[in-house]
Amino acid sequence: MFLRLLLFLLLLYVCLRMARAYLRGARDKRGDSLGGKGEEMVLDPQCHAYVPKSEALWRNGNYFCSEECARRFLSG
């Protein structure tokens, strides 16, 4: 009887550790593991979309999400 209880507790412990590792991996894939230190986002003044700074286009002192938005903004 004691051996069954010990085996059950060991199995429960292993299952909990596996579930915890799985959930931690899913959270890492979503980017939650950055601890609030994600990439800076910039606002496109034309379409008002936020874009990661590394992907944004810099034109005449503004960041844009695309060449089309930059052209529209700068021509108007």
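The hydrophobic side chain of M1 is isolated, with no ILVMFWY side chain under 4.5 Å apart from it.
Closest heavy-atom contact between R59 and L74: CB-CD1, 4.0 Å. The nearest pair of heavy atoms linking L57 to E67 is CD1-N, 3.3 Å. When all heavy atoms are compared, the tightest approach of Y63 to P45 is O-CD, 3.1 Å. Of all the heavy atoms in D44 and S66, the pair that sits closest is OD2-N, 4.4 Å.
For the atom pair SG (C47) and CZ (F73), the distance works out to 11.0 Å, reported to the nearest 0.5 Å.
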Under 3.5 Å, which donor-acceptor pairs do the side chains of residues 3-18 form with other protein atoms, sequence neighbours left out?
none

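Within the 4.5 Å cutoff, no side-chain heavy atoms of Y50 are placed close to those of C65. Using a 4.5 Å heavy-atom threshold, the side chains of R71 and Q46 count as separate.
If you chain together hydrophobic residues whose side chains sit under 4.5 Å apart, V51 and M41 never meet in one group.
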